[in-house]
Amino acid sequence: MTVPARLSVVVPLHGGEEHAEECLESLRDQTLDDIEVILVGRPRGLRPPDHRFTLLTLGDGGDDPGTARNAGASFATGRYLTFADPGSVVPAGAYRALVGALEHTGSDLACGRIRAWTPYAPDHTSTPADVPDQKGDPKGDPKGRARLRTHITRHPKLLDDPRAGGTVFRREFWNRHGFAFLAGLGEDFPVTIPAHVLSTSADVLGDVVCLTRGSRPPVDPLRRLEAMLEVSDLLGRHAPQLRTAYDLRLAEGPDLDAVLESVRDPVPSAPAEILGRLGRLDPEAVERLPVLRRLQIHLAACGMTGELAELRTFAASEIRHRGVLRRGLRPRRWYLDYPLRRDPRLPRSLFDATHDLRLVACVDDVRHADDRLALAGHAYIAHLDSGRSRIELWLQRGEERIALPVRRTRRPDVTADSRQSVACHDDSGFETVIALDALPPGRWALHARVRARGVTRAGRAAGAPGERVFDAGNTRVSLTRDRGLTLGPRTGGGPRPDPGGEISTARWTESGELVLEGKGRCSAGRIVLERGTERHSWPVRQDEETWTAAVGRTAEGLPLRSGTWRVLAPSPEGTDARVRLSAALIADPPRPRVTGFHEISVRTSRDGDLSLAVRPALGPHERGPYATRRRRAVAPRRTTLRDAAVFDSYGGGQYSCNPRAVSEELARRHPDMEIVWATRDGQFAVPPGVRLVLYGSREHEEALRTSRFVVANRRTQPGWYRKPRGQTVVQTWHGTPLKRLGLDLEGMPYAQRVPRDELARQVATWDLLLSPSPFATSALRGAFGYDGEILESGYPRNDVLFDPARARAARRRLGLTGDRRIILYAPTWRDDDTGGRLALDPVRAAGALGDDDLLLVRAHYLVARDMTIPNGDRIRDVSRFPDMADLLAAADVLVTDYSSAMFDFACTGRPMVFFTHDLERYRDEVRGFYFDFEAEAPGPVLGTADDVLDVLRYGDLGQFAARYEGFARRYCPWDDGHASARVVARMRP
């Protein structure tokens, strides 16, 4: 007779999982011998490691993890049951420890810690603690005390990570309650949380029992919200003490955000029923929410979809400009001045601002000198001016407090960074000093209290971005973003040794370079700065006792772009070590420095790892909504215009496109005209004689206010811009629209829409709109609601496509020689996929093409910085090449999808190939089209990468000549190399 297994492990598979074999190997190596592993679904190409593995093939529903898990649970024979994801790794002793705990305690389920898999995670063959001893403590548990025979009501943290991968269930308990995973959801919490709630007891081990790799596919937010509401109802019946915390998490979470954002009128009956259940959320949880979320939940629950849409528009554009009002007699209360405040159908309590008037307290800097700590920070109450507020500071340890002196300071930067335009926090700054020699031993934390306008808020002060940990005498000083400033006894350890060399000196030069200096020898020949996929390096100069490196402009002659850059020291073996500051520098790092268009700050991690935070060097009266409001209030009503033109391409991101062509033509025809270009991040160079100004700066404001012409290719003028009388605004736009724009995006849930009032404000400033074709004229008028003058000039940016010298120059700049065929792959971006994955694998494509082919890959500028595209003999990443027009001039073949580049390239007569693997979804759900793309495309429209490669290698693209000719005649009839001249002539400088 076959003896049933002690543990059944169910693994759902649909075929092709990248790490499934590693998962199965970890299950094979379990030290618990009597297990069975059930592979459920469609495990194509996987061979069971041994006789304990059983294949259970499913037909319909085999690709759904929930269906597969349920089928595996029904098939299982073990006394205990667990589930493993195919991308996970289970440490060798995990199941033995979990089952051992259940057999020792008699609990209904046991779980342990789950950790994300990384290349540096502990070896998965390591064994967790074995069966607990009689006292309930795990033997050899290195991670902390296990909690045996506990319950979720006594250990609420079990709500935080309700995954099934690290949980073993007693089979009798599973069957008695009829647990089942929800089909189509791919989530564990509808099973694990009810299981914990309905259990008599649970065992929680302190060891890691599962390493997870990757993420699960995205889930329909409405379906997930429905499941969360079911769990909320269960908690209300069986564990009401947990419901408030759970419902608060539900109400603040991204799933409800997504559902509320997608609600349109009319609402189908099923979603309406789910939204109506929001009215049953725990009242205590709802009361703790900000006013905006309380309003959203109330309107959704009551089916007031029109009002919800109004509130959604308000939240996207106007919420930062609304403040609080004080109403009532006794007591007088604060209410937020939001839409519908006077609607009699809504209770007044919905607008009560009590939970919006929160404390904002932050320690921005701490420095050690002469046995004293000098602190600088700010504290205020959100929505209330700080001018007459009171700030108190103290150190706290348990119930013991040490009051600190407070010196108030001016901090207009705090107002600028507060993301609102109503309350002034210029007076929210503070400084204080802590005498370390008088500090009693123990662990102390900094707290703050603010009193303003009859409201008092107190709490622990947070910290600025980054982490600083250093020793000041016998005191360990720690400043972190979440925990703020803490002071405690000095410990024996410190930052671990640094293979790249510790920095002992860091200083700024007059030219804006950051000079790093370390003692001894540096193993790296260069210092590297890395942000995402972007890397830049500078040489290390070594002498007998020290090494130095000067970090400044990149090899392209440009400053670092905004963001946080890690500082690395590559080793000869090819690995990157983090560069660290010495203890003395962590205690007293270089102060922020403005250099060119940027402000650069030095940041560290808990271990002293060095990073540089870069942002545009806009002053406190130049950035943020409050500054915009101030500028509007003081803007002069009349001004004298001068012979100058301000240019803006893609919101100050590039020197390119139609504005570049018009700028250069204007400079040729009118050399006395001052040319000004706005740059948002200093990431492009301009010709001699052109003045660069930082977007949003005083110089930019002055140029916009006094220049005779403003030329832009997007709706990107700052919110404070008011067009003076006599100024001419030329809107060039940046492509012929295949995809819907502006007002025509209604009904497309993924598209990013500009609020109607903001669109109308921008369009009202236009005096001249350029058009490349009669088709574009009609489409642009409707999309923007524009009834002004349109110049049907052709696109100035396409003039270069008629200039063979420009094509040759572009090839030289790219380092292209000989007669190689240049294939440019330039897909557009997807509104529903901000990660920007490339549908055509560049490495595979380049390998499949001929030896004389070179593939240029141009990722869309909105996603290019987050992508890594390798360079090689047959492939070149040109995503950061300054101007797309030059790439089109250099290319022999264009491969794209729905990009407006197709209309520009049609001027050349060169072949195009369209890779449209998601055509139906993109056309019908994501963006929408203005015409039948499949019928009119001037080249093959293909759905697979193999088809694209076959056409590029063997296809006869000449068969599309007639359709190509008709396409060019309709969409670019006026492009002839002289569009820029026609635009400049119409401007009449």
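Numbers here simply count residues along the sequence, with the first being 1.
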With D257 via side chain to side chain donor-acceptor pair (under 3.5 Å) - residues at least two apart: R293
D255: partners by salt bridge (charged side-chain N to carboxylate O under 4.0 Å, His left out), with sequence neighbours left out: R224
R288: salt bridge (charged side-chain N to carboxylate O under 4.0 Å, His left out) partners, not counting sequence neighbours: E284
Side-chain donor/acceptor pairs under 3.5 Å, residues 594-601, sequence neighbours excluded:
residue, atom, partner, partner atom, Å
H598, NE2, L560, O, 3.4
H598, NE2, D681, O, 3.1
H598, NE2, D681, OD1, 2.8
E599, OE2, R615, NE, 3.2

Donor-acceptor contacts under 3.5 Å from residues 434-456 side chains, at least two apart:
residue, atom, partner, partner atom, Å
W444, NE1, P440, O, 2.9
R449, NH1, E392, OE1, 3.2
R451, NH1, E392, OE2, 2.1

Could you list all the ring-ring contact (aromatic ring centres under 6.0 Å, His included) pairs where at least one residue sits in residues 403-438, not counting sequence neighbours? Y380-H425
Which pairs count as ring-ring contact (aromatic ring centres under 6.0 Å, His included) when at least one residue sits in residues 400-421, sequence neighbours excluded? none
Just to verify, what does S504 make a side chain to side chain donor-acceptor pair (under 3.5 Å) with, not counting sequence neighbours? none
Going by the rule side chain to side chain donor-acceptor pair (under 3.5 Å), which residues pair with T480 if we only count those two or more places apart in sequence or in a different chain? none
With R397, which residues qualify under side chain to side chain donor-acceptor pair (under 3.5 Å), at least two apart? E400
Applying salt bridge (charged side-chain N to carboxylate O under 4.0 Å, His left out), name anything that partners R566, two or more places apart in sequence or on another chain. E530
Sequence neighbours excluded, which residues qualify as salt bridge (charged side-chain N to carboxylate O under 4.0 Å, His left out) partners of E261? none
